[in-house]
Amino acid sequence: MSFQYGQYGTGFDLMMPEPQALRFEELLELHGEDVTVVQQTETGRDDYGQPVTSEAAYTEKAVVKTDLGERLMPPGEVKRATVEALFTRWAPIGETLYELEIRGHRYHVVGVEKASAYLHVRAERVVT
């Protein structure tokens, strides 16, 4: 039996995730926190030319880090709160039109970096 590269068609990935990525996924299952990822899609424009978006939400496990001062201060004191979250490397999160909901607060994703074991996401609190 011979093997020809690409015989399974386009989109079939023969690469397994690296061992450290699999180990990080196991750690997330044990110690991770549920984070709601909100994916927004532009569905059209309103009368003023502003985009109209719809949202689709799903839950992922993540390790979340906030500054200690932001957690201890009363609500309304912190104007620009930031958060960092570590997701699995294959989590479907992008920089544009994505938001995170963590502990009842919405955060807009401002940066996504891929490491060998995880996906490092930085986000800023959405002020309403």
Side-chain angles (χ1 to χ4, degrees):
M1 181 171 127
S2 65
F3 175 79
Q4 181 181 357
Y5 181 75
Q7 75 183 34
Y8 296 109
T10 59
F12 187 79
D13 190 10
L14 296 175
M15 299 284 296
M16 281 286 294
E18 296 181 21
Q20 58 265 31
L22 294 173
R23 179 68 181 137
F24 185 75
E25 180 190 24
E26 291 174 5
L27 290 173
L28 280 183
E29 291 300 320
L30 292 174
H31 304 291
E33 170 180 349
D34 285 337
V35 173
T36 304
V37 178
V38 180
Q39 179 183 8
Q40 300 174 334
T41 54
E42 189 174 321
T43 57
R45 300 264 177 188
D46 64 4
D47 294 338
Y48 298 103
Q50 300 297 321
V52 176
T53 59
S54 65
E55 296 181 345
Y58 55 92
T59 303
E60 290 277 336
K61 292 272 192 182
V63 175
V64 179
K65 177 190 165 215
T66 56
D67 290 335
L68 184 62
E70 293 175 5
R71 283 188 273 170
L72 297 177
M73 295 182 114
E77 287 290 320
V78 179
K79 302 296 184 217
R80 294 192 60 166
T82 58
V83 69
E84 293 181 4
L86 302 177
F87 291 91
T88 57
R89 186 164 160 72
W90 47 87
I93 300 174
E95 286 188 31
T96 56
L97 296 177
Y98 279 87
E99 291 185 351
L100 305 176
E101 189 168 323
I102 303 169
R103 301 180 197 122
H105 298 288
R106 276 276 179 111
Y107 295 87
H108 177 70
V109 175
V110 294
V112 177
E113 294 177 25
K114 280 194 174 187
S116 62
Y118 54 81
L119 192 67
H120 182 226
V121 178
R122 288 185 312 279
E124 290 182 349
R125 185 179 295 172
V126 175
V127 178
T128 56

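The chain is numbered in sequence order, starting from 1.
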Residues in side-chain hydrogen bond (donor to acceptor under 3.5 Å, both in side chains) contact with S54, at least two apart in sequence or another chain: T41
Closest non-hydrogen atom pair between G94 and V109, with its separation: O-CG1, 3.5 Å
Any residue meeting side-chain contact (heavy atoms from CB on, under 4.5 Å) with D47, in chain and number order, not counting sequence neighbours: none
Distance in Å, E26 CD paired with R23 CZ, rounded so as to fall on 0.5 Å steps: 5.5 Å
Straight-line distance of K65 NZ to T82 OG1, nearest 0.5 Å: 8.0 Å
For T43, side-chain hydrogen bond (donor to acceptor under 3.5 Å, both in side chains) partners two or more places apart: none
In one Ile/Leu/Val/Met/Phe/Trp/Tyr side-chain cluster, 4.5 Å: L97, V121: no
Any residue meeting salt bridge (Lys or Arg N to Asp or Glu O under 4.0 Å) with E99, in chain and number order, not counting sequence neighbours: R106
Pairs flagged by salt bridge (charged side-chain N to carboxylate O under 4.0 Å, His left out) wherever residues 108-123 is involved - sequence neighbours left out: E113-R122
Within-4.5 Å side-chain heavy-atom neighbours: Y107 and V35: no
Non-hydrogen atoms of F87 and A85 that approach each other most closely: CE1-CB, 3.6 Å
Set of side-chain hydrogen bond (donor to acceptor under 3.5 Å, both in side chains) partners for T53, sequence neighbours left out: none
Joint hydrophobic cluster, I102 plus V112, side-chain heavy atoms closer than 4.5 Å: yes
Pairs flagged by side-chain hydrogen bond (donor to acceptor under 3.5 Å, both in side chains) wherever residues 83-96 is involved - sequence neighbours left out: E84-H120
Audit row: R103, T66, side-chain contact (heavy atoms from CB on, under 4.5 Å) steps and yes/no: CA-CA 11 Å; R103 301 180 197 122; T66 56; 4.0 Å; yes
Connected hydrophobic set around L86, excluding itself, where side chains approach under 4.5 Å: F24, L28, V63, Y118
Cluster check Y58, L119: I/L/V/M/F/W/Y, side chain < 4.5 angstrom: yes
